**Student:** 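I'd like to ask some things about the structure below.
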Amino acid sequence: MNVITVEHLFKAYGPVVAVDDISFQVEEGEIFGIVGPNGAGKTTTVECIEGLRFPDRGTVTVLGLDPRTEGDRLRQEIGVQLQEAALPDRIKVWEALDLYASFYPRTVAWAELLEQFSLAEKKEAYFARLSGGQKQRLFIALALLNDPRIVFLDELTTGLDPQARRAMWDLVRQVRDRGKTVVLITHFMEEAERLCDRVAVIDRGRIIALDTPRNLIRRLGGEVRAIFTVAEVAFTTPASMVMSTAPAIAAPSPAVVDRVRQALAGVPQVTKVESAEGEVVVHGQGTDFIVAVVTRLGAAGIYPQNLRTEQATLDDVFLALTGRKMRD
Amino acid sequence: MMRAWWKLSVIQLKLFLREPEGVFFTVVFPLVLLITFGSIFGNEPVPEFGGRGTIDVSVPAYIGLVVAISGLMSIPVSAASDREKGVLRRLRSTPVRPHAVLAAWVGVFFIVTALGSLLLVLVGRLFYGLRFGGSLFNMVMAFTLSTLSLFALGFIIASVARSGRVATVIGMATYFPMVFLSGATFPWEMIPKKVQTVAMVLPLTHGVQLLKGLWFGEPWSAHLVNVAVLLGTLIGGVVISAALFRWE
Ligand SMILES: Nc1ncnc2c1ncn2[C@@H]1O[C@H](COP(=O)(O)OP(=O)(O)O)[C@@H](O)[C@H]1O
Ligand SMILES: [Mg+2]
């Protein structure tokens with residue numbers, strides 16, 4: 001069942017077109033991701049869905065309600081964590097929950113939310129004294145107070161350290177496991193990949209892809225990379241390899257990359273050989289890619305060291321779709 | 001919705017009490033002024049004040065001072081910084097009505113202003129034999145009109161100021177001339193005639209004149225101009241801030 005339907009949404013701020021003809025549906029119970037670089041129009045899109053902004057054109061239906069005319073009823077049914085919003089510095093954690101609970105006719109007990117989000121011992125703390133992760137946990141708790149059917153989380157983990165981010169991902173999964181639909185807005189491709197059932201990739205106000213992260217990667221970025229270093233001394237005296245404890249050379253010399261390229265010439269699984277950040281990077285495809293690469297290199301007397309492989313990510317999908325990198 | 005308004009008011013009051021500056025300027029500062037001048041001059045009737053004592057003329061004037069700090073500083077700074085931080089945005093994403101938020105602000109700052117004023121009256125009465133020649137009802141009416149009028153002015157400041165900092169600057173730039181020229185701090189009788197003429201454009205001058213007049217039992221009919229200016233400020237402030245105020 002669709003809980004959100006967006007059709008031909010268009011929104012401009014003066015000359016700036018923020019959302020340019022966006023359409024999609026969100027199904028009940030899924031974690032739906034909206035990803036894209038900063039300024040892509042993600043926040044504008046969800047704020048039109050939440051009834052906080054009004055689109056110039058297009059229709060939005062959320063739980064059968066029109067955010068434009070039935071905003072009051074809609075706000076009872078949804079929970080939001082806004083990208084740019086805060087609480088007063090000197091409000092205490094419990095006071096914020098108690099206050100926000102008074103806005104809804106029907107709420108869950110906020111004391112339980114405090115426990116669930118590990119804020120119980122911060123109950124009496126001022127908002128300003130909370131860490132970034134604690135603030136975000138409080139915002140999720142506030143978004144869940146009215147036991148909403150849909151929860152919107154906009155840039156939930158921006159500014160958090162990797163550990164806090166991972167903890168937050170678990171919380172988001174728990175929210176979904178309680179039967180809620182989650183709309184997750186993020187500019188972290190990795191976050192979308194780990195968390196979302198489906199993602200809409202947005203760029204410059206348009207949806208450029210919409211599918212499960214897996215399908216997107218398979219379809220658009222189905223690439224594997226082998227990354228390794230080569231001790232240069234190995235080329236001149238292969239026998240001394242075993243004894244060599246010389247540190248890896250900072251950047252592979254063009255000669256090294258050429259040797260690797262020659263060795264791998266004609267291997268069908270390999271598409272490209274290059275050097276990057278002190279390592280040799282071999283791009284390719286196929287389940288037997290690694291075996292083919294290592295076998296050929298070995299036969300040519302090149303012994304890769306510190307070998308690791310990388311699968312394609314949503315970042316690669318974005319690059320494939322736009323020709324630009326996500327982060328710049 | 002009553003419950004939301006009540007909780008909003010309680011929180012707003014707590015937040016106010018947790019900011020030392022607000023409490024200082026609203027409660028402590030006027031009281032310190034009163035006690036300082038009370039200790040120096042006492043409350044003996046003097047001819048300069050038309051046969052009244054220093055405390056007698058100071059208390060209604062300092063009430064104007066309390067009204068001005070709430071209206072021109074507390075309200076604009078609190079509303080503008082709540083907007084700047086995104087507090088108002090977050091509220092807007094809930095079913096709470098903007099009117100409830102507004103009513104909580106006005107209610108809490110009204111109570112705070114009334115308490116600050118009452119404290120002045122109490123201290124004046126207990127320690128300096130403060131004289132009161134008016135009616136309580138008229139005094140409450142005059143206080144309410146002056147307060148709401150200055151609050152409306154404060155909401156204009158809150159509407160045009162983009163941040164709490166800007167609101168502080170505009171608030172101070174309005175507050176200081178008003179409290180010095182209106183008779184709220186320096187007795188009106190000591191302000192030069194030429195300056196008095198200029199000061200008549202300040203709404204607070206009319207507030208102080210009304211409060212002082214009714215304190216000594218003068219009739220409303222003697223203060224029609226004051227009432228008209230205050231009412232005009234109130235209506236103008238409501239209309240302008242209703243049109244300009246933004247929640248984000
Ligand atoms: N209130 C606003 N006024 C003017 N321009 C805005 C406003 N909000 C967003 N924009 C512009 O609209 C575009 C999309 O912004 P936004 O929806 O916030 O993107 P995202 O959330 O993907 O970073 C950007 O170019 C941004 O500068
Ligand atoms: Mg955004």
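All of these numbers come straight from a predicted model, not from anything done at the bench. Residue numbers begin at 1 in each chain, while the letters A, B, ... track the order of the sequences.
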**Student:** Checking A:A101 against chain B: side chain, backbone, both or neither under 4.5 Å from a heavy atom?
**Tutor:** backbone
**Student:** Near A:M1 CE, under 6.0 Å, is it more than 12 heavy atoms from other residues, nucleotides or ligands?
**Tutor:** yes
**Student:** Checking B:K85 against chain A: side chain, backbone, both or neither under 4.5 Å from a heavy atom?
**Tutor:** both
**Student:** Does the distance from a Lys or Arg side-chain N to an Asp or Glu carboxylate O, for A:E84 and B:R89, drop under 4.0 Å?
**Tutor:** no
**Student:** Might you confirm whether atom CZ of A:R178 has over 12 heavy atoms from other residues, nucleotides or ligands at distances under 6.0 Å?
**Tutor:** yes
**Student:** Is B:L15 close to chain A through its backbone or its side chain, or both, or neither, when contacts mean heavy atoms under 4.5 Å?
**Tutor:**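 Just its side chain gets close to chain A.
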**Student:** For the interface with chain A, which of B:L91, B:V10, B:D82 has the highest count of heavy-atom pairs at distances below 4.5 Å?
**Tutor:** B:L91
**Student:** Please check this pair: side chain of B:R92 against backbone of A:L52, looking for a donor-acceptor N/O pair closer than 3.5 Å.
**Tutor:** yes
**Student:** Would you say CZ of B:F37 has more than 12 non-hydrogen atoms from neighbouring residues, nucleotides or ligands within 6.0 angstrom?
**Tutor:**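 Open.
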**Student:** Evaluate whether atom CZ of A:R90 has more than 12 neighbouring non-hydrogen atoms of other residues, nucleotides or ligands under 6.0 angstrom away.
**Tutor:**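 More than 12 heavy atoms, drawn from other residues, nucleotides or ligands, come within 6.0 Å of this atom.
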**Student:** Just wondering, more than 12 heavy atoms not from B:R97 lying within 6.0 Å of its CZ?
**Tutor:**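 Not more than 12 within 6.0 Å, no.
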**Student:** Take B:V96 and A:R75 through the side-chain contact (heavy atoms from CB on, under 4.5 Å) test and state the conclusion after the steps.
**Tutor:** CA-CA 9 Å; B:V96 77; A:R75 282 189 268 278; over 6 Å; no
**Student:** From B:K14 NZ over to A:I91 CD1, what is the distance, rounded to the nearest 0.5 angstrom?
**Tutor:** 8.5 Å
**Student:** Is chain B contacted by the side chain of A:Q76, its backbone, both, or neither, given a heavy-atom distance below 4.5 Å?
**Tutor:**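 Both backbone and side chain.
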**Student:** So how far is it from B:T94 OG1 to A:N146 CG, rounded to the nearest 0.5 Å?
**Tutor:**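 Those atoms lie 9.5 Å apart.
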**Student:** Taking CZ in A:R176 as the centre, count heavy atoms belonging to other residues, nucleotides or ligands within less than 6.0 Å. Is the count above 12?
**Tutor:** yes
**Student:** Should we count CZ of B:R162 as having more than 12 external heavy atoms under 6.0 Å?
**Tutor:** no
**Student:** Where do A:S102 and B:A4 come nearest, in terms of heavy atoms and distance?
**Tutor:** OG-CA, 3.5 Å
**Student:** Go through the atoms of A:L82 and report whether side chain, backbone, both or neither lie under 4.5 Å from a heavy atom of chain B.
**Tutor:** side chain
**Student:** Which region of A:Q81, side chain (C-beta onward) or backbone (N, CA, C, O), has a non-hydrogen atom less than 4.5 Å from a non-hydrogen atom of chain B, or is it both or neither?
**Tutor:**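 It is neither, since no heavy atom gets under 4.5 Å.
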**Student:** To the nearest 0.5 Å, what is the distance between NZ on B:K7 and OH on A:Y100?
**Tutor:** 14.5 Å
**Student:** Taking all non-hydrogen atoms of both residues into account, name the closest pair between A:Y104 and B:P95 and its distance.
**Tutor:**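 In this case the closest contact between A:Y104 and B:P95 is CE2-CD, 3.2 Å.
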**Student:** Within this structure, what is the CD1-NZ distance for the pair B:I11 and A:K92, rounded to the nearest 0.5 Å?
**Tutor:**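 Result: 10.0 Å between the selected atoms.
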**Student:** What part of A:L142 lies closer than 4.5 angstrom to a heavy atom of chain B: side chain, backbone, both or neither?
**Tutor:**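 Backbone plus side chain of A:L142, per the 4.5 Å heavy-atom cut-off to chain B.
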**Student:** Under a 4.0 Å threshold between the charged nitrogen and the carboxylate oxygen, would B:E248 count as salt-bridged to A:R53?
**Tutor:** yes
**Student:** Need one label for B:L88: side chain, backbone, both or neither, based on atoms under 4.5 Å from any heavy atom in chain A.
**Tutor:**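 When you check distances to chain A, no heavy atom of B:L88 falls under 4.5 Å.
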**Student:** Is atom CZ of B:F186 surrounded by more than 12 heavy atoms (other residues, nucleotides or ligands) closer than 6.0 Å?
**Tutor:** no
